[in-house]
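Following: one structure in structure tokens, then a few remarks.
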Amino acid sequence: MTSNFLKLLGGAATTAVLLAGTISAHADNWKYAMEEGLTDPQGMYATKFKEEIEKNSDHTIQIYPVGSLGESADAMEQAQAGLLQFIDQSPGFTGALIPEAEAFLVPYIQPTDPKQVRKFFKESIAINEMFHEVYREQGLELLSVFPEGEQVVTTMKEFRTPADLEGMKIRTMTSPLLLETYKAFGASPIAMAWGELIGALKTNMVDGQENPTIWIEAYGLDNLTKVLTYTGHGQYTTAVMANADFYDGLSDEDKQLIQNATKVAHDYILDVAVELDETGLNKIKETNPDYKIVRLTEEERATFKERAKAVEEAFVSRAGERGKKILDQMKKDLAASQE
Ligand code: 6CS
């Protein structure tokens, strides 16, 4: 009896030691790079994702905010090479690598009304089903796509028509379709990395730029321009991915862990995102009361919508048949979010 009891105890102790060994052997430190700071939307998402992973496993996440690993393009190379396990990169920078991702940049394809934004990002078939294989082909497992607020344009002078934009040098992110957009809108676009924008505005190398209000206020872009214009043409969208080889090599348990953390972080950021526009605008009004805010009327927007048709054509010629299918689906998703 005693010897049996000891054997049993010995067995249990061995199992406990083995189990502890197994857990610590799999306690990895995963690297996560993003294009923003910890208090910006991408940082809020990343922090929530990290909390969930660390709460439910022995793994840890190391977040690398904007600037710590170079510009967006540098971080993407590191993620594709497997030096980083996770990356948040926005379609505004992914376009040269993944032309289909520029569907998020085609003007007047996404909702700007906060009530519709949540539904669109949660239920869109294009986003939740069609993009997966597109990112996979670049060695990336797409985890989340989420909004950061309506794209608004800040300039030195007021504009209401494409003719008013003539000669204005507008900075865009580096995806080629953004150059097509601002050309179609009548301006002279210049693509550049985030790290160059503030210097370019200060030295008048550019006369304006587009971004959501929350980002404009956080980085003082309103103080470097005179007018902020709501054109209604887009939503700043971003995407979180894992290196596909890393993801495929994980145990089923760890894959589930990542999917669960993704869901929690996505739900959280969608709740936050619908308030970002208002929060950003209110802060701008408070800290910069003389700043001019313009909302183009429906009639004024109609001219820009007309010009956007050329951008859609440019998108299809770059992204091909599959890109067109994605875009058509996004239009249906937009209509569904407005029902
Ligand atoms: O304009 C940009 O380059 C930046 N805009 C936002 C909202 N996030 C990161 C990005 O680099």
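Note that ligands are numbered from 1 as they come in the structure, with each ligand's atoms numbered from 1 the same way. FYI, side chains are in, hydrogens and waters are out, and symmetry mates aren't considered; it's all heavy atoms of this structure. Counting from 1, the numbers follow the sequence of the chain as shown. Owing to the predicted nature of the structure, the values given are computational and were not obtained by experimental measurement.
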*For Phe93, take its heavy atoms, then give the atoms of ligand 1 lying under 4.0 Å from any of them.*
3 (O), 10 (C), 11 (O)

*What atoms in ligand 1 come closer than 4.0 Å to a heavy atom of Trp194?*
1 (O), 2 (C), 3 (O), 11 (O)

*Lys/Arg-Asp/Glu bridge criterion (N-O < 4.0 Å) met for Asp267, Lys48*: no

_Polar contact flag for Gln42 and ligand 1 (N/O pairs, less than 3.5 Å)_ = no

_I'd like to know if Asp328 and Lys324 make a salt bridge, using a cut-off of under 4.0 Å between side-chain N and carboxylate O._
yes

*Among Arg171, Glu36, Glu148, Met192, whose heavy atom sits nearest atom 2 (C) of ligand 1?*
Arg171

*Between Arg322 and Glu133, does at least one N-O distance fall below 4.0 Å, as a salt bridge requires?*
yes

*Closest non-hydrogen protein atom to atom 5 (N) of ligand 1, residue and atom name please, with distance?*
Asn211 OD1, 2.9 Å

*Ligand-residue contact atoms, ligand 1 with Glu35, heavy atoms, under 4.0 Å*: 9 (C)

*Do the charged groups of Arg118 and Asp271 touch, with an N to O distance under 4.0 Å?*
yes

*Identify the protein heavy atom lying closest to atom 10 (C) of ligand 1, giving its residue, its atom name and the separation to 0.1 Å.*
Tyr236 OH, 3.5 Å

*For the pair Lys55 and Glu51, find out whether any cationic side-chain nitrogen is under 4.0 Å from an anionic carboxylate oxygen.*
no

*Polar side chain donor-acceptor pair, Gln209 to Thr154, under 3.5 angstrom*: yes

